[in-house]
Asks: 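The structure's right below; bear with me while I get my questions together.
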Amino acid sequence: MLDTFKHKGLREKMVEKLAEKGISDQKVLEAMRNVPRHLFIDSALADQAYEDKALPINQGQTISQPFTVAYQTQMLKLKSGMKVLEVGTGSGYQAAVLASMGMRVVSVEIISSLHRRAKTILEDLQFSVTLKLGDGSVGWSPSQPYQRIIVTAACPAIPPQLKQQMEVKGKMILPVGTLNSQQMYLVNRKSREEFQQETLHSFKFVPLRGRNGFRESVE
């Protein structure tokens with residue numbers, strides 16, 4: 001599927017709506033303007049790609065709604081060149097947004113079919129992202145520490161391994177709560193032992209899988 005003038009026009013309208021909803025970071029808006037979301041979903045859903053809603057991808061997973069992607073990204077206060085861990089590659093769209101902003105992205109996915117598909121799409125679109133297949137709920141220790149961590153699935157609690165893989169003065173954003181509703185948390189690492197936690201707005205994500213998730217196994 002191509003990225004046409006029509007798609008670019010729809011993205012521009014999407015960005016305008018995101019700005020109206022409070023997304024003010026121009027680098028985030030520019031990344032959302034540049035990344036072709038319709039290429040990360042099934043072609044049958046392409047006409048819905050730039051609506052502000054989550055869409056199914058595969059294996060009971062979803063691509064987050066544009067506002068959620070933009071909100072999580074904005075709250076991290078990113079600077080070009082930062083090393084970012086993403087827990088839950090999913091479609092690969094969030095990773096593409098981060099890469100478009102100049103981040104060094106390590107993204108971990110527990111579902112092999114999603115990992116393979118995201119790898120193909122990101123390579124085709126020439127986004128530089130390090131993709132790993134594994135249990136992202138425990139982070140990815142070989143590449144630690146991370147200046148920023150973003151979790152794109154609902155957590156029953158803040159995974160302790162992720163806190164320890166944050167750089168001092170690093171930030172992590174993640175949704176924490178029940179299967180039905182979560183609060184977005186922003187965690188700042190103040191020192192080796194001290195963490196500051198801020199509770200933000202309510203969201204709803206698919207459940208995190210793995211050791212620190214809601215389900216241990218993946219069929």
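From a predicted model like this one, the values you see are computed outputs, not experimental measurements.
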Asks: Taking C-beta and beyond as the side chain, do L186 and Q197 meet within less than 4.5 Å on heavy atoms?
Replies: no

Asks: Quick check: is V168 connected to V84 through a chain of hydrophobic side chains (ILVMFWY, heavy atoms under 4.5 Å apart)?
Replies: no

Asks: Using the side chain to side chain contact (heavy atoms under 4.5 Å, CB included) definition, which of the options K8, E12, K6 pairs with L10?
Replies: K6

Asks: Counting only N and O atoms by type, is there a donor-acceptor contact under 3.5 Å from the side chain of R189 to the main-chain atoms of M166?
Replies: yes

Asks: Is there a donor-acceptor contact under 3.5 Å linking the side chains of E109 and T89?
Replies: no

Asks: Which value, rounded to the nearest 0.5 Å, describes the distance between S143 atom OG and L85 atom CG?
Replies: 8.5 Å

Asks: Grab the two heavy atoms, one from G90 and one from A118, that are nearest each other, plus how far apart they are.
Replies: O-CB, 3.8 Å

Asks: Okay, side chain of E198, backbone of V187: is any donor-acceptor separation there less than 3.5 Å?
Replies: no

Asks: Applying the 4.5 Å side-chain criterion to the ILVMFWY set and letting contacts propagate, would V97 and I41 be lumped into a single cluster?
Replies: yes

Asks: Kindly give the heavy-atom pair with the smallest separation between G134 and V108, and that separation in Å.
Replies: O-CG1, 3.5 Å

Asks: Evaluate side chain to side chain contact (heavy atoms under 4.5 Å, CB included) for R148 paired with M172, printing each intermediate quantity in order.
Replies: CA-CA 6 Å; R148 299 290 188 266; M172 171 168 60; over 6 Å; no

Asks: Counting N and O atoms only, with roles assigned by atom type, does the side chain of S137 sit under 3.5 Å from a partner on the main chain of N212, one being a donor and the other an acceptor?
Replies: yes

Asks: Between D25 and Q74, what is the shortest heavy-atom contact and its length?
Replies: N-OE1, 2.9 Å

Asks: Classify the ring geometry between Y93 and F40 as parallel (under 30°), tilted (30 to 60°) or perpendicular (over 60°).
Replies: perpendicular

Asks: Using a strict threshold of under 4.0 Å (side-chain N to carboxylate O), is an ion pair present between E30 and R33?
Replies: yes

Asks: With side chain to side chain contact (heavy atoms under 4.5 Å, CB included) as the test, would you mind laying out the steps for L125 and L39 before giving the verdict?
Replies: CA-CA 9 Å; L125 295 175; L39 298 181; 3.7 Å; yes

Asks: Check this for me: does any side-chain nitrogen of one of K119 and E123 sit under 4.0 Å from a carboxylate oxygen of the other?
Replies: yes

Asks: Say whether, by atom type as modelled, one donor and one acceptor occur between the side chain of Y146 and the main chain of G170 under 3.5 angstrom.
Replies: no

Asks: Looking only at non-hydrogen atoms, find the nearest pair between F214 and A154 and report the distance.
Replies: CE1-O, 3.3 Å

Asks: Under the side chain to side chain contact (heavy atoms under 4.5 Å, CB included) criterion, do K27 and T73 qualify, and how do the steps go?
Replies: CA-CA 10 Å; K27 291 182 179 178; T73 305; over 6 Å; no

Asks: Tell me whether D52 is salt-bridged to K21, with the criterion being a basic N under 4.0 Å from an acidic carboxylate O.
Replies: yes

Asks: Do S141 and Q165 have side chains that get closer than 4.5 Å, going by heavy atoms?
Replies: yes

Asks: Please check this pair: side chain of Q183 against backbone of L200, looking for a donor-acceptor N/O pair closer than 3.5 Å.
Replies: yes

Asks: For a 4.5 angstrom cut-off between non-hydrogen side-chain atoms, does P36 reach R11?
Replies: yes

Asks: Is any side-chain heavy atom of I110 less than 4.5 Å from a side-chain heavy atom of Q59?
Replies: no

Asks: With a 4.5 Å cut-off on side-chain heavy atoms, are L174 and M184 touching?
Replies: no

Asks: Quick one: does any side-chain atom of T68 pair with a main-chain N or O of S64 as donor and acceptor, under 3.5 Å?
Replies: no

Asks: Quick one: closest heavy-atom pair of T152 and G88, and the distance?
Replies: OG1-O, 2.8 Å

Asks: Can any side-chain N or O of Y50 pair as donor or acceptor with the backbone N or O of H38 at less than 3.5 Å?
Replies: yes

Asks: Between Q94 and I150, is any pair of side-chain heavy atoms under 4.5 Å apart?
Replies: yes

Asks: Should I57 and F67 be regarded as members of a common hydrophobic cluster, given that ILVMFWY residues are connected when their side-chain heavy atoms come within less than 4.5 Å of each other, either directly or indirectly?
Replies: yes

Asks: Determine, using the 4.5 Å side-chain heavy-atom cutoff (strictly less than), whether V35 and L18 are members of one ILVMFWY cluster.
Replies: yes

Asks: Could you check if a side-chain atom of R37 sits within less than 4.5 angstrom of a side-chain atom of I63, using non-hydrogen atoms only?
Replies: yes

Asks: From S107 OG over to L122 CG, what is the distance, rounded to the nearest 0.5 angstrom?
Replies: 8.0 Å

Asks: If you draw the axis of the six-membered ring of F195, does the NZ or CZ of K163 fall within 45° of it and under 6.0 Å from the ring centre?
Replies: yes

Asks: Taking the side chain from Q182 and the backbone from T178, do they hold a donor-acceptor pair closer than 3.5 Å?
Replies: yes

Asks: So which atom in K204 and which in L179 form the shortest heavy-atom distance, rounded to 0.1 Å?
Replies: CE-O, 4.0 Å

Asks: To the nearest 0.5 Å, tell me how far L98 CG sits from L76 CG.
Replies: 7.5 Å

Asks: Is the NZ atom of K83 crowded by more than 12 outside heavy atoms at less than 6.0 Å?
Replies: yes

Asks: Does I173 reach the side chain of V151, with side-chain heavy atoms less than 4.5 Å apart?
Replies: no

Asks: Under 3.5 Å, is there a donor-acceptor pair between the side chain of Q48 and the main chain of A46?
Replies: no

Asks: Within the side chain of Q144, is there an N or O that forms a donor-acceptor pair under 3.5 Å with the backbone of E167?
Replies: no

